[in-house]
Amino acid sequence: MPAPPSAPLSDTRIGLLGAGQMARALAAGWVRTGLAKPGDLIAYDPSDAAFEAFTASVGAGVVRAASAAEAAGADALLLAIKPQYAAEALPAAIEGLRPETLVVSILAGTTLSTLAGMLPAGQPLVRVMPNTPCLVGRGASAYALGPGVADAQGAWVEALLSAVGFAAQVPEPLLDAVTGLSGSGPAYIYTIIEALADGGVRAGLPRKLAAELALHTVAGAAEMVAQTGEHPAVLREAVSSPAGTTIAGLGELERRGLRAALVEAVVTAAERARELGRG
Ligand SMILES: NC(=O)C1=CN([C@@H]2O[C@H](COP(=O)(O)OP(=O)(O)OC[C@H]3O[C@@H](n4cnc5c(N)ncnc54)[C@H](O)[C@@H]3O)[C@@H](O)[C@H]2O)C=CC1
Ligand SMILES: O=C(O)[C@@H]1CCC=N1
């Protein structure tokens, strides 16, 4: 598990521009791990429904900012709006930004250079690609620091992301591939869990049991890779008896192209992130 956050981190007020799915997952994860108190989170979202869902997930005491500028007046500002709305939403936030406020963007595709062009010159800026399992402390995030980010600010971002899962610093050009793999990846795995359960039902299991077995099989297999450090192929071979059931099932996966489908899903999502970045 990640190291606990240090005391100064927990004193930082974080503004959020947008309080939707990903903002909620991060903020609830920070509160859950003790990194932030709900009252340190100041969110601006024009949607009442989004803010209500945010409060329900993160905890009573989160502050609803009356304007984007108010949220931007915190010590750091998380940009958690859709990439398509950035140009429209950012000017309202800029009024509240102080020159030293760290801006942390989770916008898919939108580059540091594009964001810098929409912010005051020299504003410290970090681009992050998190994923929704941050909500339960099992996120997978990567981040790239913009020019002018102080070492302490970089360390703060690393701590912020490590508190809710795995975090890695990468060169910015890799972030679109990160988006295709871990940003979008939870959705691929949910599909796999659902399909495994459907298979169980087709093979005769009651739905509830099939869903439980599918979930624990995926979680257990991931934990095996993590804890043994073995290559997945080695672990797969250990399940596959000669002329047994597994090799018969794996044959179907190969024939129907599961491996190629997953590779193409990641590559296509990464390309879509690049397209979003081109506007
Ligand atoms: N959902 C995910 O799994 C991930 C999403 N992201 C990124 O996170 C960002 C947000 O995505 P989601 O949370 O999925 O979207 P979402 O639609 O759930 O949340 C966006 C929120 O922004 C609000 N909003 C719209 N206009 C606004 C404005 N002018 N000022 C403030 N808030 C405004 C909307 O009401 C909405 O609640 C996107 O840029 C996406 O690329 C990154 C990683 C994973
Ligand atoms: O689907 C999307 O565009 C966002 C970015 C990564 C996950 N969700």
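Numbering of ligands and ligand atoms starts at 1, following listing order. The chain is numbered in sequence order, starting from 1. Predicted model, so just to flag it, every value in this text is computed and none were measured.
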Atom indices of ligand 2 within 4.0 angstrom of G183 heavy atoms, with elements: 6 (C), 7 (C)
Look at the side chain of [X] and the backbone N and O of [Y], then say whether any donor-acceptor pair between them is shorter than 3.5 Å.
X    : Y    : value
T179 : A108 : no
S184 : G180 : no
Q153 : A150 : yes
R24  : V58  : no
R127 : G146 : no

[atom]: which protein heavy atom is closest, and how many Å away?
atom                    : result
atom 4 (C) of ligand 2  : A108 CB, 4.9 Å
atom 1 (O) of ligand 2  : S184 OG, 4.6 Å
atom 3 (O) of ligand 1  : T132 CG2, 3.4 Å
atom 13 (O) of ligand 1 : M22 N, 2.8 Å
atom 26 (N) of ligand 1 : P46 CG, 4.2 Å
atom 41 (O) of ligand 1 : A108 N, 3.0 Å
atom 14 (O) of ligand 1 : K82 NZ, 3.3 Å
atom 7 (C) of ligand 1  : I106 O, 3.1 Å
atom 19 (O) of ligand 1 : G20 CA, 3.2 Å
atom 10 (C) of ligand 1 : A80 O, 3.3 Å

Are the charged groups of R64 and D45 less than 4.0 angstrom apart, N to O? no
So, R278 and E271, do they make that salt bridge, N to O below 4.0 Å? yes
Closest approach of L145 and G154, non-hydrogen atoms and distance? CD2-CA, 4.0 Å
If every non-hydrogen atom of D75 is compared with every non-hydrogen atom of T101, which pair is closest and at what distance? O-CG2, 3.7 Å
Which atoms of ligand 1 sit under 4.0 Å from any heavy atom of [X]?
X   : result
G18 : 22 (O), 31 (C), 32 (N)
S47 : 35 (O)
A50 : 37 (O)
Y44 : 30 (N), 31 (C), 32 (N)

Just heavy atoms, cut-off under 4.0 Å: does P130 contact ligand 1 by side chain, backbone, both, or neither? both
Which part of M129 is near ligand 1, with near meaning a heavy atom under 4.0 Å away: side chain, backbone, both or neither? side chain
In the single-linkage hydrophobic clustering (I, L, V, M, F, W, Y; side-chain heavy atoms under 4.5 Å), do [X] and [Y] co-cluster?
X    : Y    : value
V103 : L115 : yes
I81  : L16  : no
L112 : M129 : no

Are more than 12 heavy atoms, taken from residues, nucleotides or ligands other than M224, located less than 6.0 Å from that residue's CE atom? no
Polar contact flag for [X] and ligand 1 (N/O pairs, less than 3.5 Å):
X    : result
N131 : no
D45  : yes
I81  : yes

Would a 4.0 Å cut-off, counted as strictly less than, catch a protein heavy atom around atom 6 (C) of ligand 2? yes
